[in-house]
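First the structure, in the form of structure tokens, and then the observations on it.
Hydrogens, waters and symmetry mates are skipped; everything else that's a heavy atom, side chains included, is used.
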Amino acid sequence: MTDGVVVPPAGRPPVRVVLADDQPLIRAALRMVITDAPDLELVGEAGTGSDAVRLAEGLRPDVVVMDIRMPGMDGIEATRLITAGPSGAQVVVLTTFDDDDYVYGALRAGASGFLVKDMALDDILGAIRVVAAGDALIAPSVTRRLIEEFAVRPEPAPAPAPRKLEGITGREQEVLTLVARGLSNTEIAAELVISVATVKAYVTRLLTKLDARDRVQLVIIAYDAGLASGSR
């Protein structure tokens, strides 16, 4: 970073981004800040889910910023097709959280995180970088709202039996529960009175044992196992 401007490391290409949103004003705002960031490159824009899938297949971006509510194919189905396809793109959901019932479904479809449209543009750029680096966007300030919202909603149908978690220790289950509550590694360390390095080791073991791609999937697994319902 030089004088507040992010500069990509020497020899590292910029993060390739596709925007998928049916609102031209949203795309215009993101286009402006992405094109001004030297470590990001906007390679395509889509106004529908089907166009986003087509661009992901053809352009092979690193990250697709995906709206959920779009005409025709919605963002959830587009996310499912992109993450299951050969492009290798990571998907970050872009949503108006307060009236969007589908964020959790998008995470199940393979999204690596989600953004809220009223976030600061710089925070959105930071989120794109986090996901491009192979991490999941589980910022506590945003994730807790998602988790708490879904924890108190009635199930639309009878809930399936909780998933059984085999092969994890009691301490690993404690860490998993706290991950599902949206706590950062530092907060988990404080909660359990252990070091941050130890927390990272537990999270790494959980990812391996539960065959999870990232922390987003750990949250989903915890909910499926009944560890996080109603937690705060």
Using side chain to side chain contact (heavy atoms under 4.5 Å, CB included), reason through Leu227 and Gln173 one step at a time and then give a plain yes or no. CA-CA 8 Å; Leu227 297 180; Gln173 181 168 307; 3.7 Å; yes
Gap separating the CD1 atom of Ile188 from the OH atom of Tyr202, nearest 0.5 angstrom: 12.0 Å
Ala180 and Val219: which non-hydrogen atoms are nearest, and at how many Å? CA-CG2, 4.0 Å
Joint cluster assignment, Val18 & Val15, ILVMFWY side-chain distance < 4.5 Å: no
Identify whether Leu206 and Leu192 are in the same connected component of the hydrophobic contact network (ILVMFWY, side-chain heavy atoms under 4.5 Å). yes
What's the spacing between Glu45 CD and Leu30 CG if we round to 0.5 Å? 9.0 Å
Correct closest heavy-atom pair for Glu191 and Leu178 would be CG-CD1, 3.7 Å
Side chain Lys209, main chain Gly167, donor-acceptor under 3.5 Å: yes
Go through the steps to decide whether Arg129 and Asp39 satisfy the test side chain to side chain contact (heavy atoms under 4.5 Å, CB included), and finish with yes or no. CA-CA 9 Å; Arg129 296 181 181 110; Asp39 63 327; 2.5 Å; yes
Common cluster, Ile26/Leu55, ILVMFWY with side-chain heavy-atom separation under 4.5 Å: no
Distance in Å, Arg31 CZ paired with Leu25 CG, rounded so as to fall on 0.5 Å steps: 10.0 Å
Determine, using the 4.5 Å side-chain heavy-atom cutoff (strictly less than), whether Tyr223 and Leu183 are members of one ILVMFWY cluster. yes
Nearest heavy-atom contact between Thr79 and Ala111 is CG2-N, 3.6 Å
Here's a test for you: under side-chain contact (heavy atoms from CB on, under 4.5 Å), which of Ile68, Val64, Val65 qualifies with Val93? Ile68
For the residue pair Val43 and Leu59, what are the closest heavy atoms and their distance? O-CD1, 3.3 Å
Mark yes or no for whether Thr83, through its side chain, and Ala109, through its backbone, hold a donor-acceptor pair below 3.5 Å. yes
Once rounded to the nearest 0.5 Å, what's the spacing between atom OG1 of Thr35 and atom CG of Leu40? 10.0 Å
Derivation and outcome, side chain to side chain contact (heavy atoms under 4.5 Å, CB included), residues Asp122 and Leu125: CA-CA 5 Å; Asp122 283 346; Leu125 294 185; 4.3 Å; yes
CG/Asp62 to CD/Gln90 distance, rounded to the nearest 0.5 angstrom? 9.0 Å
The test is side chain to side chain contact (heavy atoms under 4.5 Å, CB included); show your working for Val130 and Val92 and say whether it passes. CA-CA 10 Å; Val130 166; Val92 179; over 6 Å; no
Any chance you could measure Glu172, atom CD, to Thr177, atom OG1, to the nearest 0.5 Å? 12.0 Å
With respect to Arg27, which candidate in Asp21, Leu42, Asp67 satisfies the side-chain contact (heavy atoms from CB on, under 4.5 Å) definition? Asp21
State yes or no: do Val63 and Leu94 share one hydrophobic cluster built from I, L, V, M, F, W and Y residues joined by side-chain heavy-atom distances below 4.5 Å, directly or via other members? yes
Heavy-atom closest pair, residues Met66 and Ala78: CE-CB, 3.6 Å
Using side-chain heavy atoms (C-beta onward) and a distance below 4.5 Å, is Glu77 in contact with Ser50? no
Is Arg69 salt-bridged to Asp74, going by a charged N under 4.0 Å from an acidic O? no
Under 3.5 Å side-chain donor-acceptor pair for Glu57 and Ser87: no
Which atom of Gly47 lies closest to which atom of Pro71, heavy atoms considered: O-CD, 3.9 Å
